[in-house]
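This report concerns only the one structure given below.
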Number of protein chains: 2
Amino acid sequence: MRMKRALITLWLVLSAAAPARAEDGYDLWLRYRPVTDAARLAEYRAAVTQLVVDGDSPTLRAARDELRTGLRGLLGADVPLSASATRDGAVIVGTPASSRTIGALGLGDALRAVGREGYVVRATRVGGRRAIVVAANSDVGALYGAFRFLRQLQTYGTLANLAVASAPKIQLRLLNHWDNLNRSVERGYAGHSLWAWDTLPDASNPRYRDYARANASIGINGAVLTNVNANARILTPEYLAKVAALANVFRPYGVRVYLTARFSAPIEIGGLKTADPLDPAVRAWWKAKIDSIYALIPDFGGFTVKANSEGQPGPQDYHRTHADGANMFAEALAPHGGVVMWRAFVYSNEVPVDRVKQAYTEFKPLDGQFRDNAFVQVKNGPLDFQPREPFSPLFGAMPKTPLMMEFQVTKEYLGQDTHLVYLGQEFEEVLRSDTWAKGKGSTVAKVIDGSLHGYARTGIAGVSNIGDDRNWTGSQFNQANWYAYGRLAWDPEMSASDIADDWLRMTFTNDPSFVRAVKAMMKTSREAVVNYMTPLGLAHIMATGHHYGPGPWVGGPNTRMRADQTPTYFHRADSLGLGFDRTATGSNALEQYAPPIRARWGNQRTVPDSVLLWFHHVGWTERLPATHGRPLWDELVARYNAGVDSVRAMQRTWDAQRGKVDDERFRDVQSFLAIQEKEARWWRDAALTYFQSFSHLPIPARYEQPAHPLQYYLQVRCPANRDKPRCDNVP
Amino acid sequence: MRMKRALITLWLVLSAAAPARAEDGYDLWLRYRPVTDAARLAEYRAAVTQLVVDGDSPTLRAARDELRTGLRGLLGADVPLSASATRDGAVIVGTPASSRTIGALGLGDALRAVGREGYVVRATRVGGRRAIVVAANSDVGALYGAFRFLRQLQTYGTLANLAVASAPKIQLRLLNHWDNLNRSVERGYAGHSLWAWDTLPDASNPRYRDYARANASIGINGAVLTNVNANARILTPEYLAKVAALANVFRPYGVRVYLTARFSAPIEIGGLKTADPLDPAVRAWWKAKIDSIYALIPDFGGFTVKANSEGQPGPQDYHRTHADGANMFAEALAPHGGVVMWRAFVYSNEVPVDRVKQAYTEFKPLDGQFRDNAFVQVKNGPLDFQPREPFSPLFGAMPKTPLMMEFQVTKEYLGQDTHLVYLGQEFEEVLRSDTWAKGKGSTVAKVIDGSLHGYARTGIAGVSNIGDDRNWTGSQFNQANWYAYGRLAWDPEMSASDIADDWLRMTFTNDPSFVRAVKAMMKTSREAVVNYMTPLGLAHIMATGHHYGPGPWVGGPNTRMRADQTPTYFHRADSLGLGFDRTATGSNALEQYAPPIRARWGNQRTVPDSVLLWFHHVGWTERLPATHGRPLWDELVARYNAGVDSVRAMQRTWDAQRGKVDDERFRDVQSFLAIQEKEARWWRDAALTYFQSFSHLPIPARYEQPAHPLQYYLQVRCPANRDKPRCDNVP
């Protein structure tokens, strides 16, 4: 009786001791909440009774700490550390070098197959006792393995006969932070930059470590800290000391730091009169600068460079080529093992015939001219991170140059912080696109993972959506895009749907009804935004500058912008029809693709609806297979309405999850979906009333009619907010 | 045995269930961690066994929720709710109107004495059983009482014979947020504005409520949401809907919302041709606008107005007086119970003989011309929130006009986010200053609490240091300034030291050795910053614009700034000496003070060292009582060095607390102190080498010599960061 009372008291004391904090999203997918499935919990408790981490490097300590924290949370009990496996249920973590136990397990072949960063996680026996071994060839491999093991528990997977081996298919898996030194983030919608340059290097911040943890948990192994529109000051000794402080925090988690190099830095901070990449003094300056960086940061990764694009300085200022510029950096970085990533996103000073042809035109001739440690980094599409674009033709065009993929994880053109859009679907679509570079099956994934052309070096970059907002990414569901990017960087052939499954279980709950419904919602979310913003291959009809909200009417001679940055340039609406003729009768951008693609996309009878208006100017009443045989106008109306309907369906799906997730995040998501529904209507009605001014066709009565006349939408003002614009009088 | 095992398992499960989060400061002084003093814990558990909250208003629900959360954390057990006191240990909360029990307790006299917002908390007997009653005349009084009761436990005070009665001495206790609609914060050093205008009113954020809770816990009852440099858009229907959403969250916590009114709004958003306050159309526009605000927000508080200052529009643009302007608002607000707070901080378009005389010169003649519901809001000193100033002479000069105090809680001129400066000492110094307006004892506190002149309305405003940084205020110790401001607003005669005591116990730990040492550190911190920045009555020698770091050399004809915003204007260093002669032989600003003050401060033999150079130009080698008989130069050197020494002593004190507080906040504070020490040296060396260029006197060898020549300090660049400037090459 006394005992029972004590028990109850204890329950009360402990269950109440720490006032519960609101679920604010800070923990991301590393929440480690108690396992609520009793059978699984029993299985896990039996299978995990002690933790053996041989070795004491910072990275193995990180693995050990993560396992302790994670298992404590998941199992509801501290799993004791042990020097060796003394009973059934040991989890043994390490490398053959760090651990004699692991060395003795005969994992040689298995480990050879997973390379430097891969891991093997398997149920086995050690000295006759049941054990789970997390083995790798490097400490960071062991850390990745630890996260993989935890994921097994987080997603309520069985540990019986556990046998997982995994290795990344891409070597450099980077986040690109477009973060400025004043802590603003270009195209960032989640607060300030995480990097508190003002208090670095003196003060640290627990977020630096949590950022590195989150990255390591999905295999991201590098961070370009600064904006591609670069500031030379980052290369001054004062700032490099700050960079070194961050590198020190990230290092145990396998995350190397990279910077952006401003091409004109030798002039701006070096006192030189030129930045000509073939000038010996310039080359000497960069070499000395790079040597000084490595003196501070021995594992510094290298540079991302945006040059001769959107007004940035570059080698063309000195009549040199992009390869000349890249090779200058590559040469100075090579002795240290660093790389240069040269962006193919170029905007020359003249308005081209067709904006989307430019990267190919400039870079294709340079194939083979880049040094070994130089990448060309190519955006997924030929334009600029639209809701949907065809893949960039460069992926099929540079067999002798390692190409890096550049995805945009931050949703610059896709509703920014508030709209729920799961980008996993978009990334997957791009990676699975077939370039036909070496015949059928030459997918973009195989190009960038090096298997198609035998690249010695491989890389991928995602433009980060991370800021200092409490939930890191501006909304709960934007976290999924960080997560999906990391998982696909590790394995570009993974299924976006499976990734969403893992993410939902780890981030919200393993409740199967929740996972099923919300995963389906995520999967439709990308098609929804395409439909209510830019259906049928439309692109870049967002309001200019901030890219938030519709602005298809912007353009023409009275606009003080270059034509190829305005919507009217891209959609080409006129009294006859809509769309950009990029076939041979038009700009012939199509010729940049392989013949089988040209044949299919160039023919109005075979072009898929997804790129119809990207490649064709189609008459308002034309009926095509891509319009399901309906007149284009009717199909356009149907698509815009389908986009709005999808958002409403997402709302209904989410509303049905009440009680399955915490109230805080439930309401958070719910209120953002309400904003999205309102803005999807705004998009639909603004775009349709605008296009209607050309088509002069009615919106069939079975659809919701626009809430206002076109004039109303023209007058919606969207002042640029600090991070994100918000528009007045959105209907 | 089985039971014992179950007990142990339970302990393990529960103590580990939620992975511990880093102590990041989010919880402020409302941490409610378990009571670790066993005797006190036993006392509290015996005294607190059930919770009786009669009534179900939103405010009483807030009180009940706070008590449940707080007691669960402190006592480690849920305290059950009960409809009535059924055993010893009930805590009974309510008003005579909400609770028959309280009505029957005979508290009539006690409650009458504490007014609308006050409370009575006392140990008593109800139906023969021991109980603690938290009683008030209003629901918000009961909420304040609940926080007061929790504070008793948080600070490990006894509950035996508990008998507390308290009422605020000032009616309006406001925070002024200088927050812009783009979420930047003028003079904010803690991230973005809390108000997410972009997602309001659709989305809420748990921080809105936590902000209101924190304010209620210290008695703050109003928030002016917007910058005094106002944007008229806040008065559009779209933004007013957002304001109303915030007001709805704050209302249960007794926090009313106020806005800033841009004087020219009738032109900018009203389509009128004038904003002349005597123009009938203008008056009608404001009346209609104000009526529309109250339709949305029935308890809207009113407006703060900055007019004809630093380029802001105002009534003088139409040859009207400040009183004309204020009365226009007051008249329109009066039917709704609203007030206008008219700032006396004015900067006319001409450079005055002496900047510090201006507010008095402009406002003194208007005394008695303001309507009943108009305040004049006066900064604590005549200049602008310096580390030290004499009190503003207006406090002794407007007996017929209710004056509000304006303190700056954000440390614009005092090291901003990083320097540890406890402003409680500064606020106390100002409030205890004697104006002599009605003879000895006419303290500033008695002016603003209305007791000296019998003001019917009283108010106080603190310029907020709050932003969306996780710790709210940019540093852990900046939280103390929010806290101290609130407590002093409730009772301007409280001791800053006692407030620091409470704050430390609630925020960190009740460990007596910690509280003693750190409280002493906090108390010396303000004098430290005065010494290393502006000792002996110096002022405004910060670098211009961002006000961070030393810039005593800025000024003179080559500066493109008005003279009265530059350091050389204020310090008046020349070959003879240092300081601004504000006696009858100079600007005679001294004449704005009462005769006994004039006599003391005007005489070099009796002036206190704190305002020596504020009122006197003193020769470099003059020896005065205020310089302890040393030559001025020697005293100046001694003071600057004492400032640095104090910071080092603060570092030692803090270092000795390792282990007494959590590691996260320990390191956080430690690293900021390291920055402060470095910057204190920078201040000292920059100021002394600069002043030395006038005095041509050596720095005695017993002191640290400047690290660099003056030329070095002149070249330190401090680019304006987004929120805060940080300077390159700080020595």
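Each chain gets a letter, A, B and so on, in the order its sequence line appears, and its residues count up from 1.
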Which residues satisfy the side chain to side chain contact (heavy atoms under 4.5 Å, CB included) test with B:Ser204, sequence neighbours excluded? B:Tyr208, B:Val249
Rounding to 0.5 Å, atoms CG (A:Asp468) and CG (B:Asp468) come to a distance of 6.0 Å
What are the two closest non-hydrogen atoms of A:Thr199 and B:Asp417, and how far apart are they? CG2-OD2, 4.3 Å
Between B:Lys678 and A:Asp202, is there a side-chain N and carboxylate O pair less than 4.0 Å apart? yes
Under-4.0 Å salt bridge between A:Arg470 and B:Asp24: yes
Check side-chain hydrogen bond (donor to acceptor under 3.5 Å, both in side chains) between B:Asn231 and all other residues, then give those that pass, not counting sequence neighbours. none
Top of B:Pro237, B:Pro206, B:Ser671 for chain A proximity - count of heavy-atom pairs under 4.5 angstrom: B:Ser671
